[in-house]
Number of protein chains: 2
Amino acid sequence: MAKRLETMEENRNKLVAAARKAFADRGFAAASMDELTADVGLTRGALYHNFGDKRGLFAAVVHQIDSEMALRAKEIARLADGDWQRLLAEGEAYIEMALDPEVQRIVLLDGPAVLGDPSKWPSQNSCLAATRQTVSTLLERKVIKPLDEEAAARLLSGAALNAALWVAASDSPKEVLPKAIEAFRAIASGLLAVDQS
Amino acid sequence: MAKRLETMEENRNKLVAAARKAFADRGFAAASMDELTADVGLTRGALYHNFGDKRGLFAAVVHQIDSEMALRAKEIARLADGDWQRLLAEGEAYIEMALDPEVQRIVLLDGPAVLGDPSKWPSQNSCLAATRQTVSTLLERKVIKPLDEEAAARLLSGAALNAALWVAASDSPKEVLPKAIEAFRAIASGLLAVDQS
DNA sequence: TCATTTGATATACGGTCCGTATGTGAAATA
DNA sequence: TATTTCACATACGGACCGTATATCAAATGA
C-alpha cells in the first residue's frame with residue numbers, strides 16, 4: 001500500500017496552497033514559513049523536506065500559477081480565428097490575466113526578483129512560450145516582418161505585461177483596460193509585413 | 001559654520017554609494033546593512049537616522065540611478081533629429097542602459113518588488129516620463145495614432161524593458177542587441193498614423 | 001571663552017526568521 | 001513480529017532588522 005506517498009502528496013498540496021495565499025497577500029519577503037506551515041497543521045520540517053528551502057516552495061507556487069495561465073492561453077488560442085488573431089488574442093489574454101493580484105504579486109513582481117529571468121524558470125514562463133510559438137508560425141507564413149523570433153515574442157509579451165501593470169495600478173482598471181488593449185493592437189500591428197500596397 | 005551639515009552630507013553619500021554596490025552585487029534581500037555601513041566606517045545608527053529604514057536607503061539608490069538615466073535620456077533626445085526619431089532613440093537608449101547590471105538588478109528586478117509599481121516611485125521613473133513626453137508631442141502633431149498617451153508610453157517602455165532583459169540574459173548580448181533594436185523599431189512603427197497611401 | 005543645548009551617530013537589546021542537525025514514530029518490509 | 005526506512009517534528013545557532021538609549025562633538029548664546 002502507498003499510504004506514505006498519498007499523505008505526502010496531500011501535504012505538498014496543502015503547503016503549496018498555503019504558500020500561494022501567503023506569498024500573494026504579503027509578498028515573498030514578508031511571508032513567514034512558520035506561520036504558513038502552522039496554518040495547515042504542519043511545521044517547517046515538512047517544508048524543508050519537500051521543497052528544500054523557501055525559494056523552492058516559491059518556485060512550486062510559480063509553477064502552479066504558470067500552468068493555469070498556460071491552460072487558459074491554450075484555450076484562448078484554440079478559439080482564435082486565424083494566426084494573426086491568435087497572436088492578438090493571446091496578448092490580450094495575457095493583459096487580462098495579469099490583472100489578477102496573485103499573478104501580479106507572485107509572477108510579475110516577486111518572481112523575477114527571487115528566481116531571476118523568467119526564461120530560466122523551471123516553468124519556463126508558459127505565456128511567453130505560447131507567444132513565441134504563434135510568432136514562429138507567423139514568421140513561417142511571412143505574415144510578419146522577418147524579425148528574430150525570440151525578440152518579437154519578448155517585446156510583445158513585455159508590452160502586454162507593462163500594459164497589465166499599468167491597468168492594475170490605475171484607479172479605474174475597468175476603464176483603462178480597453179485603452180491598453182487598443183494600444184497593444186496598434187503596437188502589434190507594427191510587426192505586420194504588409195505595406196498593403 | 002555648517003560643519004555638521006557638511007559631514008552629514010558626506011556620510012549620506014558614502015552610505016548611498018556603499019548601498020548601491022551592495023544592492024547591485026547581492027540584491028536587496030541579501031544585502032546586509034551591518035556590513036554595508038561598516039564598509040564606510042559607520043554603523044547602522046547613521047543609516048536609520050538618515051534614511052529611516054532599509055527600504056528608504058534602497059529608494060535613495062534607485063533615485064540616484066534613475067537621475068543618471070534621465071540625464072542620459074535627455075542627452076539622447078537632444079541629439080535626435082525629429083520627434084519620431086527621438087522616440088526611437090529614447091527606446092533604444094533605454095534598452096542599452098538596461099544592459100548595465102546595476103540598472104538591471106536594482107531598478108528592473110528588485111525595484112518593483114521592493115517599492116511597487118514604478119509609476120509611484122519618488123523618482124517617478126524618468127525614462128517612462130521621457131517617453132510619455134515624446135509620445136505627447138507626437139500625439140499633438142498627429143504623427144501617431146490617436147491612442148491613450150499613457151498606454152502608448154507604457155507599452156513602448158515595457159517592450160524596451162523586456163528587450164533589455166532578454167539581451168542581458170542571453171549568452172552573447174552584443175550579438176542579439178541589434179535584433180532587439182530592430183524588433184523595437186518594428187513594434188514602435190505600429191503606432192504611426194500614416195497608411196502611407 | 002565657557003557653559004549649555006542640540007542632534008548626528010554609536011551602542012545595546014529584543015524579536016523574528018531561516019536553514020540545519022538531530023530525534024521520533026508510523027508505515028513499509030522481510 | 002522484528003527491523004528498517006523516511007517523512008516530519010523538534011531544537012539549535014546565527015544573521016538580520018528596527019528601536020530605544022547613550023554619547024560626544026559641534027553649534028549656540030552669554
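Chain A is the first sequence line, chain B the second, and so forth, proteins listed ahead of strands; every chain is numbered from 1.
- To the nearest angstrom, P of dC18(C) lies 15 Å from CZ of F51(A).
- Annotation: side chain of F58(B) is in contact with side chain of D110(B) (closest heavy-atom distance under 4.5 Å).
- In this view, R55(A) and F28(A), D53(A), V114(A), L115(A) satisfy the side-chain contact (heavy atoms from CB on, under 4.5 Å) rule, not counting sequence neighbours.
- Distance, N50(B) CG to dT9(C) C1': 9 Å, rounded to whole Å.
- For DNA chain C, the residues of residues 8-37 of chain B within the heavy-atom distance limit of 4.0 Å (strictly under) are M8(B), N11(B), sorted by number.
- Taking atom CG of residue L5(B) and atom C1' of nucleotide dA26(D), one finds them 11 Å apart after rounding to whole Å.
- The stretch residues 42-49 of chain B touches DNA chain C through L42(B), T43(B), R44(B), G45(B), A46(B), H49(B), each having a heavy atom within less than 4.0 Å of the strand.
- Two residues are said to be in side-chain contact when any heavy atoms from C-beta on lie closer than 4.5 Å; D148(B) and E182(A) fail this criterion.
- Residues N50(A) and R12(A) bring a donor and an acceptor atom of their side chains to less than 3.5 Å of each other.
- None of L192(B), V135(B), L191(B), T137(B) except one satisfies the side chain to side chain contact (heavy atoms under 4.5 Å, CB included) rule with V143(B); the exception is L192(B).
- Looking only at distances, no side-chain donor or acceptor of S172(B) sits under 3.5 Å from a matching main-chain atom of E175(B).
- No contact: G56(A) has no heavy atom under 4.0 Å from any strand.
- Listed for the Q104(B) side chain is a donor-acceptor partner under 3.5 Å among the backbone atoms of A98(B).
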Practice prompt. Applying side chain to side chain contact (heavy atoms under 4.5 Å, CB included), run through L42(A) and L47(A) and close with a yes or a no.
Written response: CA-CA 8 Å; L42(A) 295 169; L47(A) 192 163; over 6 Å; no

